[in-house]
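In what follows, every chain begins at residue 1, and chains take the letters A, B, ... in the order their sequences are listed.
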Amino acid sequence: MSRPSILHLLNQAEPNTIVTARGWVRTRRGNKAVSFIALNDGSTIHNLQVVVDYAKINEEDIKAIGTGACLKVTGLLVESPAAGQRVELQATEIEIYGLADETFPMQKKGHTLEFLREQAHLRFRTNTFGAVFRVRHALAFAIHKYYNDNGYIYLHTPIITGSDAEGAGAMFRVTTFEPNAAPVTDGVVDFSQDFFGRSTHLTVSGQLEGELGAMALGKVYTFGPTFRAEQSNTSRHLAEFWMIEPEVAFNDLEDNMNLAEDFLKYLVNYALEHCKDDLEFLNKQYDTTLIERLQFVLANDFQRLTYTEAIEILKATKHKFEFAVDWSTDLQSEHERYLVEQHFGRPVILTDYPKDIKAFYMRLNDDGKTVRAMDVLFPGIGEIIGGSQREERYDQLVARMDAMGVPTDELWWYLDTRKFGTAPHAGFGLGFERLVLFVTGMTNIRDVIPFPRFPQNASF
RNA sequence: GCUUCAGUAGCUCAGUUGGUUAGAGCACCUGACUGUUAAUCAGGGGGUCCUAGGUUCAAGCCCUAGCUGGAGCGCCA
């Protein structure tokens, strides 16, 4: 049975027809003769105005309806005589699915995002979170559409991983042992008796497995949950987040940058085209420069430069930094922000970092000092993408692993791709929530994922 | 983990130099209004001033510790 959404009723349905709408009450107001109910079903940021004439419906029957109640309303859809909406629904029958009393936490006015975070189970019912999660959905869909339309294969890499040396941060252990009853051999927990017969963890990246796929399927991407057990307590980090990782055979760093820029612009454009109402709401409510900023990103090339060139710019500026600028150390947030927000005033792609501050799998440049790494830096977000051309040469890769203490025996399967038909290839990781942050203009990453996981918190 | 700011009604906040019975708006209840747009207007009920300890004749306000939350930093996506 087809059930018209409020989005459909507001924008497309023919006036002067009998329709039924279902949704949750945002407000009810009125006088002795008539009540106006703003009804929302999540299909759009806009509400359907239901008009209740007490000549047709007994006032006593709807007296208990307040913000938060869920209703089924049948009536005549008419052109609205008042400003504010194209059509409205003149109710002839109201069925109450569920009332909400005055303890319902989502009120008509003034909630802080911090309060709503503590009410994550109900915050979907606010305009803000409705908008944010519709945009999040649209972006997730657009990611699959982009790669599908460009001939990529969606590869499902494992969430539980046997390797604990992926080089991307602290990991959560996966075990079926009870904390105080793990079998111990020679004073050490014996994971050979555990579920998988070995030590296992939640993945911190699908990249290494993605490379295996790319070395046969050509163009692949992953899009899935990722876990980091870092004590990161910031508005840009989560312990559980979603990451998109394309990996492409025969791509070099230049191709990788082109892909990253084209991909990000496609996603921003998709949101502007498909989430207009929600973005306009966020633009009005939180950040009046949001839409302008999104359009600016579409209209301008990302600034590309090497790490070494960036260091020179930072050393030459009169701008005072808290931390010293020094070749061979990673840039501080304040340095990245200066480059993106002040010096260039646009997204920046930094490349060719010193090898010692980057991961083992990045391809060594001919200078022997830098690697083919790239970071895409966005205003207000910082690093939104991290990627590289991968080291495809077996001997160089093993040498880097040895130098950095990465166990070659454990990653034998990874090294096999370099032994058998190796090829140049490149890829990157895009933090999905950081993308959603940028597109929605939200400022805390905990507000763009339905149920955020972060240190000391796994509520809901 | 480090630095810093905050915690007062269900929610958003005010509360002066430490001084009588802690205030407002929204929400809720009652009433007014025949078309409202987070409606408006009048009235009413509603408080563990985060917790514990301390200073003082007197603490929402000052001090100490803890708890919770925000922002910034590091790690990164």
Are Arg28(A) and U36(B) close enough that a side-chain N or O sits under 4.0 Å from OP1 or OP2? no
Is the phosphate of U36(B), meaning OP1 or OP2, less than 4.0 Å from a side-chain N or O of Arg29(A)? no
Using atom C1' in both nucleotides, what's the gap between A59(B) and G74(B) to the nearest angstrom? 39 Å
Quick one: Asn31(A) CG to U34(B) C1', roughly how many Å, whole number? 6 Å
Distance below 4.0 Å between Lys32(A) side-chain N/O and C33(B) OP1 or OP2: yes
Let's test your reading of the model: under 3.5 Å, does the base of G74(B) pair with the side chain of Gln332(A) as donor and acceptor? no
Can you see whether Arg22(A) engages Tyr97(A) through a side-chain donor-acceptor pair at a distance of less than 3.5 angstrom? yes
Is there a donor and acceptor pair closer than 3.5 Å between the side chain of Arg236(A) and the base of A77(B)? no
Base of C76(B), side chain of His237(A) - is there a donor-acceptor contact under 3.5 Å? yes
At less than 4.0 Å, is any side-chain N or O atom of Thr112(A) found next to OP1 or OP2 of U12(B)? Yes or no. yes
Quick one: is G70(B) close enough that its OP1 or OP2 comes under 4.0 Å of any side-chain N or O from Arg446(A)? yes
Are the charged groups of Asp375(A) and Lys358(A) less than 4.0 angstrom apart, N to O? yes
Between the base of G35(B) and the side chain of Glu88(A), is one N or O donor paired with an acceptor at under 3.5 angstrom? yes
Do any side-chain nitrogens or oxygens of Thr234(A) fall under 4.0 Å of OP1 or OP2 in C75(B)? no
Pairing nucleotide - A32(B), Watson-Crick or G-U, each distance under 3.5 Å: U40(B)
Step through it carefully: locate the ring centre of His335(A), locate the ring centre of Phe323(A), and say whether they are under 6.0 Å apart. no
Indicate yes or no: does Arg86(A) engage Glu79(A) in a salt bridge with an N to O separation below 4.0 Å. no
Suppose we define a pair by two distances each less than 3.5 Å, Watson-Crick or G-U wobble; what does C2(B) pair with here? G72(B)
Taking OP1 and OP2 of C73(B), is either one under 4.0 Å from a side-chain nitrogen or oxygen of Arg337(A)? yes
Is any N or O donor-acceptor pair between the side chain of Gln49(A) and the base of U36(B) shorter than 3.5 Å? yes
Quick check: any donor-acceptor pair below 3.5 Å linking the side-chain of Ser232(A) to the base of C75(B)? yes
